[in-house]
Amino acid sequence: METAVDHLIEAADEGTGVEFDGLRARGTDGEYTFATPQTERTGLSTEAFRETATDHSQHVTNWYFFTRIAPEEPSRRAFLRWAEHADEHDVPDRYDALADVLTRKWGQLRITVERDGSGDRRYEIRHEDDADASSDELTAHEEPLDARELVRHDERGRYRPLKTAPTLRSGWVFADLSASDLVETVDFVYPATVANWYREREGELDVTHWHETVERQTGIYGVVETWDRQEGHDHVDWVAEACCADSQCLKRREWEYDEDTDLDVDGGDGEFPCREPCSMVISAARRWTKLEGEQSQTYEFELTPSEKEQIEEIIDAVAEGRTDEIREADLGDGANRYRARFLRAKRFDDDGNLGGVPTDGDDGDDGDH
């Protein structure tokens, strides 16, 4: 506390003094003013100012933390204030809450913050699924850099090409983090999300829309532009519905077809924005560009009504990533493994053709799966 007061006296003597979260302090010709929403004192000597500041430790340590301890970079400082709901509650109410713990959700992260007796903050990050787990049940990490390895694979050990996919594995905790380490850890889990969230808050988010993005593609990705011939934007709606839903990505899509043309697909509810079609979207669009170049054909084969519905259920289960959730004993689900095997045994020929009908017009596979 003494250090915070010393810094406040120094700041009060400079220029226009201090104004922060309801605290005002200013020194003029050896006399000081100290004010909060609850009190105001003027004409104070240095010693009287020191005593008054000490008596109002919450406002003083709050100022000291955010101006002398928290990272200076504006987006990081704003994120720390967001984490403790600083723009929603005055200092006394917030300090009362911080004596216990305040919680925020960022993607699949559960971020908690509490303060110590000096007004400094300590943070914890864990997976939201581990909210009620004791720390002893989780693998503890101290270094933000450890997060780079944690986010590399999902619960089943599969590589996660999209860091903002809702497939972050659980079972770990970063406890007792400093302010700088908190934001650094978040950046390793969800790169650039804090910076883009802040730009959006400040009205400075630079959005690059679909049409502009595909125009600048080169090399093997240049083919995507051939799919974009100003003939409507249904194809982009399909891309966004496939890749940019909340179930697939935790970002909130802010890009549209172009600056003047919105897509028909909802952008999602994520806390942090997506400012342009990502590499995952462009890579998928490249494959779909090739597939959509094929000519439609008519195939004729027989299915019972239940078999048609089963094929629809299988596609839906795969698209929503819920095949692992279907119990082997749940034969009422069309995507059940045994149901699917029975349908294959009944309707596929020895060459794997549905209904025994071969696929004509195959232009060959380019090896790009």
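Position 1 is the first residue of the sequence, and the numbers go up from there.
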Set of residues satisfying side chain to side chain donor-acceptor pair (under 3.5 Å) with respect to Glu312, sequence neighbours excluded: Lys308
Glu137 (side chain) donor-acceptor with Ser134 (main chain) under 3.5 angstrom: yes
Ser283 (side chain) donor-acceptor with Ser279 (main chain) under 3.5 angstrom: no
Distance-only donor-acceptor check, side chains Asp120 and Ser118, under 3.5 Å: no
Within-4.5 Å side-chain heavy-atom neighbours: Ser135 and Glu124: yes
Pair Tyr32-Asp13, side-chain donor/acceptor within less than 3.5 Å: yes
Test: Arg104 and Glu84 ion pair at under 4.0 Å: no
Set of side chain to side chain donor-acceptor pair (under 3.5 Å) partners for Thr103, sequence neighbours left out: none
ILVMFWY clustering at 4.5 Å (side-chain atoms), partners of Leu145: Phe188
Salt-bridge contact Glu72-Arg77 (side-chain N to carboxylate O under 4.0 Å): no
Arg337 with Glu328: basic N within carboxylate O range, under 4.0 Å: yes
Short side-chain to backbone donor-acceptor contact, Thr36 and Thr39, under 3.5 Å: yes
SB check Arg252 Asp246 (cutoff 4.0 Å): no
Check: Thr52/Asp55 side-chain N/O donor and acceptor closer than 3.5 Å: no
Lys/Arg N to Asp/Glu carboxylate O, Arg216 vs Glu276, below 4.0 Å: yes
Summary of ring-ring contact (aromatic ring centres under 6.0 Å, His included) pairs that have at least one residue in residues 264-296, sequence neighbours excluded: Trp106-Phe272, Tyr190-Phe272
Qualifying residues under side-chain contact (heavy atoms from CB on, under 4.5 Å), relative to Asp351, sequence neighbours excluded: Asp349, Asn353
Residues in side chain to side chain donor-acceptor pair (under 3.5 Å) contact with His141, at least two apart in sequence or another chain: Asp146
Between Thr167 and Glu155, a side-chain donor and acceptor under 3.5 Å: no
Arg121 side chain near Leu80 side chain, heavy-atom distance below 4.5 Å: no
Contacts of Pro161 that satisfy side-chain contact (heavy atoms from CB on, under 4.5 Å) - sequence neighbours left out: Tyr159, Met280
Glu128 backbone acceptor or donor facing Gln108 side chain under 3.5 Å: no
Residues that, via side-chain heavy atoms closer than 4.5 angstrom, fall in one hydrophobic cluster with Tyr338: Leu331
Any Leu150 side-chain heavy atom under 4.5 Å of Leu168 side chain: no
Transitive ILVMFWY cluster of Leu138, excluding itself - 4.5 Å side-chain cut-off: Val173
Sub-4.5 Å side-chain heavy-atom contact between Phe301 and Arg347: no
Residues which pass salt bridge (Lys or Arg N to Asp or Glu O under 4.0 Å) with Arg41, listed by chain and number, not counting sequence neighbours: none
Min side-chain heavy-atom separation Ile326-Asp324 under 4.5 Å: no
Flag side-chain contact, heavy atom, 4.5 Å: Val186 against Ile111: yes
Arg322 atom CZ, over 12 foreign heavy atoms within 6.0 Å: yes
Distance flag, aromatic centroids of Phe174 and Trp172, threshold under 6.0 Å: yes
Other cluster members, Phe342 - Ile/Leu/Val/Met/Phe/Trp/Tyr, side-chain contacts below 4.5 Å: none
Ser57 side chain reached by Val60 side chain, heavy atoms, under 4.5 Å: no
Ion pair check, Lys251 and Glu271, cut-off under 4.0 Å: no
Salt bridge present between Asp21 and Arg94 (N-O < 4.0 angstrom): yes
Neighbour count above 12 (heavy atom, 6.0 Å) for Glu259 CD: no
Transitive ILVMFWY side-chain link Val357 to Leu343, under 4.5 Å: yes
Results of side chain to side chain donor-acceptor pair (under 3.5 Å) for Arg110 - residues two or more places apart only: none
Modelled atom types, side-chain donor and acceptor of Arg201 and Asn196, under 3.5 Å: no
Six-ring centre of Trp197, Arg199 cation under 6.0 angstrom, axis tolerance 45°: no
Donor-acceptor pair, side chain of Asp237 and main chain of Asp264, under 3.5 angstrom: yes
Evaluation steps, ring pair (Phe, Tyr, Trp, His ring centres under 6.0 Å), between His209 and Tyr257: CA-CA 6 Å; His209 298 287; Tyr257 176 73; 9.3 Å; no
Six-ring centre of Phe66, Arg81 cation under 6.0 angstrom, axis tolerance 45°: yes
Donor-acceptor contact below 3.5 Å, side chain Lys105 vs main chain Gly107: yes
Check: His233 and Leu263 side chains under 4.5 Å, non-hydrogen atoms: yes
Ser75-Glu73 side chain donor-acceptor pair, cut-off 3.5 Å: yes
Short N-O contact, Asp154 and Arg160, less than 4.0 angstrom: no
Side-chain donor or acceptor of Asp130 paired with backbone N/O of Ala133 under 3.5 Å: no
